[in-house]
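The next block holds one structure in the form of structure tokens; read it before the comments.
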Amino acid sequence: MSRSNLSETMHIVYASDDKFAEILGVSVTSLLENNKDMHRIVIYILDSGITAENHQKLESLCVSYPNAEIVWLPAKDISKELSVNVNLDRGSLSQYARLFVSSVLPSDVERVLYLDCDIIIAQSLRPLWTLDMQEKTIAALMDAFSTNYRKNIALQPDDIMFNSGVMLIDLTRWKQLHIEQKLMDFIKSRRGQIQQGDQGALNAILSRDTYCFAPKFNSVTIFYDFTYKEMLRYRKPPKFYSEKQVLEATEHPVIIHFTTSFLSERPWIEGCQHRYVSEWMRYKAMSPWKDTPLWPPKKGGAKTAYKNLMQHLPRSWMIGISSLLQVYGRPFYYSLKK
């Protein structure tokens with residue numbers, strides 16, 4: 001696809017159920033507000049049961065942004081497609097819908113940008129949309145996971161692991177290499193029990209076919225909750241971005257991704273102290289969900305108890321204990337499930 005064609009129309013895909021429709025709406029608002037320079041934006045929503053009311057609210061955004069249109073596509077239910085119960089890890093079953101992008105999107109779409117709902121776009125996406133992918137099938141953020149995670153999805157110690165919340169996808173190449181079928185085969189071979197759910201499957205199949213873009217295109221919460229040295233100690237990745245690149249991602253993010261963290265709440269939950277929570281709230285105030293209340297924080301449960309405990313420990317102890325669980329504990333748990 002030529003650069004001139006890329007500059008004409010940007011194809012975006014989200015996947016959501018009704019619970020996250022409001023979070024999706026805030027993300028779409030930020031996308032449209034910061035991409036008025038694009039001639040045309042087509043937003044495909046893989047719909048896992050979004051209500052008619054929320055459909056209408058999302059559609060109303062296009063009135064204010066005439067360069068945008070929303071295309072609704074029924075999300076495929078992977079449990080029905082494969083007749084297996086899949087591991088959700090975090091999130092809902094709707095997250096697996098993105099694995100079917102090549103079979104549900106129009107056949108003439110050659111490139112698409114997949115976005116999780118829990119993000120806001122802070123700048124124009126044109127530099128990302130027109131990125132040279134170096135003949136790779138996807139471009140994504142290199143994630144900070146230890147070698148133990150790689151073992152559980154049949155990767156080598158130095159193979160890339162990526163965060164699948166922002167993926168620039170060469171759909172032509174995806175189809176040529178039969179990526180969708182490879183993903184289905186992998187999931188079936190593990191009987192649906194895969195480390196990190198659909199993200200684990202994507203990593204298993206696409207690790208060596210991924211171009212790692214600059215972290216400013218997917219500025220995740222871990223960049224804000226830890227210093228650079230603390231992050232490396234906590235996660236122990238075999239390789240990662242430089243401190244300068246991570247600093248740029250926090251100072252000048254293009255995409256802010258409010259990923260889950262035991263140290264902080266997400267912006268739609270009461271008590272969030274993320275550096276850019278005010279930005280999320282600004283786009284919420286511009287959206288049809290401006291008057292909906294924030295969600296109350298979850299109470300009780302092992303995760304809440306762990307979070308409370310860690311916040312009362314000296315920071316060095318907290319990082320050390322959390323590192324042991326992150327680097328060794330979680331991968332070992334996943335290995336038992338496998």
Side-chain angles (χ1 to χ4, degrees), residues 1-16 20-46 54-55 57-73 98 101 105-106 108-133 138-141 163-171 211 213-220 248-258 267 276 278-290:
M1 181 184 292
S2 70
R3 292 301 173 90
S4 59
N5 288 338
L6 285 175
S7 65
E8 287 297 313
T9 303
M10 181 163 61
H11 297 274
I12 306 289
V13 63
Y14 287 94
S16 182
F20 256 63
E22 173 191 352
I23 316 306
L24 165 62
V26 175
S27 183
V28 171
T29 301
S30 70
L31 163 70
L32 299 181
E33 183 65 18
N34 289 297
N35 286 275
K36 297 173 183 177
D37 59 326
M38 290 300 299
H39 176 71
R40 182 167 173 252
I41 303 172
V42 182
I43 303 169
Y44 305 94
I45 298 178
L46 308 182
N54 282 325
H55 268 240
K57 287 181 177 181
L58 283 158
E59 291 278 1
S60 70
L61 289 170
C62 297
V63 175
S64 301
Y65 304 94
N67 65 331
E69 65 176 291
I70 290 176
V71 177
W72 296 95
L73 298 170
R98 58 185 169 175
V101 286
L105 264 61
D108 60 342
V109 177
E110 298 177 34
R111 174 180 285 202
V112 66
L113 178 61
Y114 169 82
L115 300 173
D116 271 354
C117 297
D118 57 349
I119 70 161
I120 56 172
I121 292 86
Q123 300 182 47
S124 170
L125 290 178
R126 187 182 291 273
L128 175 58
W129 175 246
T130 60
L131 186 73
D132 182 353
M133 297 172 64
I138 70 166
L141 174 79
N163 180 286
S164 58
V166 178
M167 292 187 295
L168 185 61
I169 303 171
D170 181 338
L171 266 184
Y211 173 73
F213 52 47
K216 66 181 179 179
F217 293 123
N218 188 359
S219 189
V220 291
E248 181 190 16
T250 59
E251 295 290 336
H252 306 289
V254 176
I255 292 175
I256 304 165
H257 191 177
F258 298 101
Y276 290 110
S278 61
E279 282 296 286
W280 192 90
M281 292 299 295
R282 182 165 72 88
Y283 293 115
K284 174 178 164 61
M286 297 169 64
S287 80
W289 291 268
K290 62 183 178 181

For [X] and [Y], which heavy atoms make the closest approach, and how far apart are they?
X      : Y      : result
Ala249 : Ser219 : O-OG, 2.8 Å
Phe258 : Tyr276 : CZ-O, 3.9 Å
Ile121 : Ser27  : CD1-O, 3.9 Å
Met10  : Met38  : CB-CE, 3.6 Å
Asn54  : Ala21  : ND2-CB, 3.6 Å
Ala122 : Pro253 : CB-O, 3.5 Å

What is the ring orientation for Trp129 with His11, classed by angle as parallel under 30°, tilted 30 to 60°, or perpendicular over 60°?
tilted
First locate atom [atom1] of [X], then atom [atom2] of [Y], and finally report the distance between them rounded to the nearest 0.5 Å.
X      : Y      : atom1 : atom2 : result
Ile255 : Leu141 : CD1   : CG    : 10.5 Å
Asp37  : Arg126 : CG    : CZ    : 4.5 Å
Tyr211 : Asp132 : OH    : CG    : 7.0 Å
Cys62  : Ile43  : SG    : CD1   : 6.0 Å
Asp116 : Tyr14  : CG    : OH    : 9.5 Å
Phe213 : Leu128 : CZ    : CG    : 6.0 Å

For a side-chain contact (heavy atoms from CB on, under 4.5 Å) with Leu73, tell me which candidate from Ile45, Val101, Leu105 qualifies.
Leu105
Among Val28, Thr9, Leu32, side-chain contact (heavy atoms from CB on, under 4.5 Å) partner for Ile41:
Leu32
Short question: side chain of [X], backbone of [Y] - any donor-acceptor pair under 3.5 Å?
X      : Y      : value
Tyr283 : Leu31  : no
Arg98  : Tyr114 : no
Asn34  : Val254 : no
Glu8   : Arg40  : no

Steps toward side-chain contact (heavy atoms from CB on, under 4.5 Å) verdict (Lys57, Glu22)
CA-CA 9 Å; Lys57 287 181 177 181; Glu22 173 191 352; over 6 Å; no
For Lys216, is there an ion pair with Glu251 - N to carboxylate O distance below 4.0 angstrom?
no
Donor-acceptor pair between His257 and Asp118 side chains, under 3.5 angstrom:
yes
